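Before any comments, here is the structure.
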Amino acid sequence: MRTHFCGLIDESMVGRTVTLCGWADVARDLGGLCFIDLRDHEGIVQVVAEPSDAEGNADVVTTAAKVGYEDCLRVTGTVRRRESVNPKIRTGQVEVVATAIEVLNKAEPLPFHHHENPGEDIRLKYRYLDLRSPEMQRRMRTRTKLVAALRRWLDARDFQDIETPILTKATPEGARDFLVPARMHEGEFYALPQSPQLFKQILMMAGFDRYYQIARCFRDEALRADRQLEFTQLDMEFAWVDEAIVQDTVEQMMQDVFREVVGVELGAFPRMTWAEAMRRYGSDKPDLRIALELVDVDDQVRGSQFKVFTDVAGVDGLRVCALRIPGGAALSRKQIDEYAAHAAKYGAKGLAYAKIGEDGAVNSPVAKFFDEAAFAALLQHVGASNGDIVFFGAGAYNTVSDFMGAVRLKAGKDFGLVEDGWKPLWVTDFPMFEFDDEAQRYVALHHPFTAPAVDDIDDLRANARTATSRGYDMVLNGNEIGGGSIRIHRPRMQAAVFELLGIGAEEQQAKFGFLLDALKYGAPPHGGIAFGIDRIAALMAGTESIRDVIAFPKTTTAQCLMTGAPSPIEDAQLAEVHVAVRPKAQPAA
């Protein structure tokens, strides 16, 4: 139907006849002279319908005058140079003088125009119109280029692309499973995979050495800007490796892929332990573009009369720390309260502060609990200068780290302290377990197949609270884009980890028997990593929401506004899969 793409017409085609297909982005009738900006996925070119003595030309002008926004057109014409160049578009040196215009499909009045910046609910309901916009086309093409570049890189290095099941066994991996009733097995269910974790480990045991898959994964969990119920990850696994081999390999991959897709040089990836990241930045995915750091002040507050600090200072598992914000003394009391409210979302019970005026005067509700010299020494330790504000946090170590880390990010954005560019990082040596106080048991920080840093089972059991794992995350500009670990490859160690997680021998066999069996027959040392394709694509495309790089995403309430999913199912169809919907419980009178 066409000879060329709209956005690729250039000066080399002057004098040639072309046929183009696309949508009318703009149509202007100047009374016998009509201009149409014709758009396809490659861009826009200006089409001109003008009076001439050519036979049939009057029909061209008449048709052009009736063209409306988003009408679907086929245009044939001659390329010529434009008298008034448009430097804003790639085709701005030329235009197409129409000799024929065919309206392939007339568009009814649209629910929104692309330039109107409609709300996300409208965009998602009419996703086919939203995806037609140049910006969404650019974002989705970036994602396509990313996936293609990753495949080329991996294929060239003998990684095998192997598919794993979508209908599989329910296993506890951190989030709720999506369950699928098995029609042929009454009362039994498949689960959609949260990741291909167990299958890729078994592939290593099966001798495939290097595996990858662009895998669809499913997790029934609360949604946010960087999380969806169904998502895509680059899943990788290596046999006969340690951490350094995995990290060095995928670091080179990311450097090469970013260079190819978006022309970015990521440079070397520094390595930082989890403990250091939490201490300095209050986050296990620190944004290194923000130079602000947390400073521990336990020693500097011990002699004060402020019990919020003194009850915490120096106590194991607790923390008192400070964050200096250059220029922060300009914050009003209302703005300081907004910071306190922001910190409260992450567990803060309060946010103490000290403002240092341009004249050096200190304004702080906690200064009265210190003698003057001690408070001055505290501010000096933090590095505070005239015009700064210092925020303080005290309490449980992880909670304080979380809310002070959140304050750090907010301050970085509010005060324009986020540097341009790209800051990659490896975070290593994660804790092996977290202790769930409510359930009074350990939970795996990554997943239960992550190898501990120690090989001795008795050592792991004796020091479970402080044990570190062989896990690692790749972080870019404050986003975790990949996470992995060296896996447990000995059956006794895997059974011991299950026991520490409260998974008894009978449950181990019921849920993981196939894995434990496979480990018995010469399983090699192995490890891997999984990268979030959606998150990487969003970073490359310059957007904060992964919904902008997913063709048909769900809302934060887990709905597809375009199709109406999820939706009720008729009783007859439910009966075929041995399922009945229980009526909602009625509230007590």
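What's counted below: heavy atoms across the whole structure, side chains too, no hydrogens, waters or symmetry copies. As the structure is a computational prediction, the values presented were derived from the model and not from experiment.
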Is any side-chain heavy atom of F391 closer than 4.5 Å to one of L331?
yes

Between T164 and Q213, does any side-chain donor sit less than 3.5 Å from a side-chain acceptor?
yes

Under a 3.5 Å distance rule, please check whether Q559 uses its side chain to pair with a backbone N or O of K554 as donor and acceptor.
no

Heavy atoms of L323 and V407 approach each other most closely as CD2-CG1, 3.8 Å

Under the criterion salt bridge (Lys or Arg N to Asp or Glu O under 4.0 Å), I'd like the reasoning laid out for R132 against E70: C-alpha separation, chi angles, the key distance, then a yes or no.
CA-CA 10 Å; R132 200 186 290 174; E70 291 300 297; 2.8 Å; yes

Close side-chain approach of F449 and L198, heavy atoms under 4.5 Å
yes

Given the side-chain rings of F159 and Y211, with only the six-membered ring counted for Trp, is the space between their centroids under 6.0 Å?
no

Pair F112-H114, side chain to side chain contact (heavy atoms under 4.5 Å, CB included): steps then yes or no
CA-CA 7 Å; F112 66 88; H114 294 142; 4.0 Å; yes

Walk me through whether V103 and L73 qualify under side chain to side chain contact (heavy atoms under 4.5 Å, CB included).
CA-CA 5 Å; V103 179; L73 308 178; 3.9 Å; yes

Crowded around Y190 OH? As in, over 12 foreign heavy atoms under 6.0 Å?
no

Would you be so kind as to tabulate the donor-acceptor pairs closer than 3.5 Å made by side chains of residues 340-348, with sequence neighbours excluded?
none

Using a 4.5 Å cut-off on heavy atoms from C-beta on, say whether the side chain of L351 contacts that of Y339.
yes

Search all heavy atoms of I481 against all heavy atoms of L539 and return the closest pair with its distance.
CG2-CD1, 3.7 Å

Less than 4.5 Å apart, any side-chain heavy atom of I546 and any of F231?
no

4.5 Å side-chain heavy-atom contact, L8 and T91:
no

May I ask you to decide whether E221 forms a salt bridge with R176, counting only side-chain N to carboxylate O separations under 4.0 Å?
no

Could you tell me if T76 and T19 have a donor-acceptor pair between their side chains, going purely by distance under 3.5 Å?
yes

Side-chain heavy atoms of M253 within contact of V257, under 4.5 Å:
yes

If you count heavy atoms of other groups shown closer than 6.0 angstrom to CZ of R183, is the number above 12?
no

Flag the pair V60 / T99 as yes when at least one side-chain heavy-atom distance between them is below 4.5 Å, and no otherwise.
no

With a 4.0 Å cut-off on N to O distance, would you call E260 and K145 a salt bridge?
no

Residue list, ring pair (Phe, Tyr, Trp, His ring centres under 6.0 Å) with H113, at least two apart or on another chain
Y69, H115

Which word best sums up how the rings of F5 and H41 line up, parallel for under 30°, tilted for 30 to 60°, or perpendicular for over 60°?
perpendicular

Here the pair of heavy atoms bringing P181 nearest to F189 is CA-CD2, 3.4 Å

Tell me, yes or no, whether the heavy-atom count around E11 atom CD, taken from other residues, nucleotides or ligands under 6.0 Å, exceeds 12.
yes

For a quick check under 3.5 Å, do E265 and W422 share a side-chain donor-acceptor pair by atom type?
no

Electrostatic pair R333-D337, nearest N-O below 4.0 angstrom:
yes

Shortest non-hydrogen contact from A64 toward I36:
CB-CD1, 4.1 Å

Tell me, with the steps shown, if R547 and E120 meet salt bridge (Lys or Arg N to Asp or Glu O under 4.0 Å).
CA-CA 10 Å; R547 290 192 289 272; E120 189 176 50; 2.8 Å; yes

Side chain to side chain contact (heavy atoms under 4.5 Å, CB included) between Y212 and E237, intermediate numbers included:
CA-CA 7 Å; Y212 86 94; E237 198 77 4; over 6 Å; no

Inspect the surroundings of NZ in K349 and state if more than 12 heavy atoms from other residues, nucleotides or ligands are less than 6.0 Å away.
no

Could D155 and R151 be called an ion pair, given the rule that one side-chain N must be under 4.0 Å from one carboxylate O?
no

Can you confirm whether more than 12 heavy atoms, excluding those of E116, are under 6.0 Å from its CD atom?
yes

Specify whether F430 and H446 have parallel, tilted or perpendicular ring planes, treating 30° as the upper limit for parallel and 60° as the lower limit for perpendicular.
perpendicular

If you apply the rule side chain to side chain contact (heavy atoms under 4.5 Å, CB included), what do you find for L124 with M562, and how did you get there?
CA-CA 6 Å; L124 293 180; M562 186 183 75; over 6 Å; no

Identify the residue among R141, Q137, H4 that makes a side chain to side chain donor-acceptor pair (under 3.5 Å) with E42.
R141

Salt bridge or not for D534 and R143, using N-O below 4.0 Å?
yes

Is it true that a side-chain atom of R39 and a backbone atom of G22 form a donor plus acceptor pair closer than 3.5 Å?
no

Ignoring hydrogens and angles, state whether a donor on the side chain of D177 or Q194 is under 3.5 Å from an acceptor on the partner side chain.
yes

Rounded to the nearest 0.5 angstrom, the CE-OG1 distance for M13 and T3 is 8.0 Å

Exercise: identify the closest heavy-atom pair between L292 and R408:
O-NE, 2.6 Å

Nearest atoms (heavy-atom pairs only) where D235 meets A530
OD1-CB, 3.7 Å

Using side-chain heavy atoms (C-beta onward) and a distance below 4.5 Å, is D10 in contact with V94?
no

Run the salt bridge (Lys or Arg N to Asp or Glu O under 4.0 Å) test on E419 and R289 for me, step by step, so that the C-alpha distance in whole Å, both residues' side-chain angles and the decisive distance to 0.1 Å come before the verdict.
CA-CA 5 Å; E419 298 175 12; R289 296 174 302 167; over 6 Å; no

Separation of D548 CG from T543 OG1 (nearest 0.5 Å):
3.5 Å

Check for a donor-acceptor pair, side chain of S133 on one end and backbone N or O of D130 on the other, with a separation under 3.5 Å.
yes

When you compare the side chains of T555 and T557, does any donor N or O come within less than 3.5 Å of an acceptor on the partner?
yes

Rounded at 0.5 Å granularity, tell me how far CZ in F269 sits from CH2 in W426.
7.5 Å

Working note: K285 + E480, criterion salt bridge (Lys or Arg N to Asp or Glu O under 4.0 Å); need CA distance, chi angles, decisive distance, verdict.
CA-CA 6 Å; K285 50 181 180 181; E480 177 203 330; 6.0 Å; no

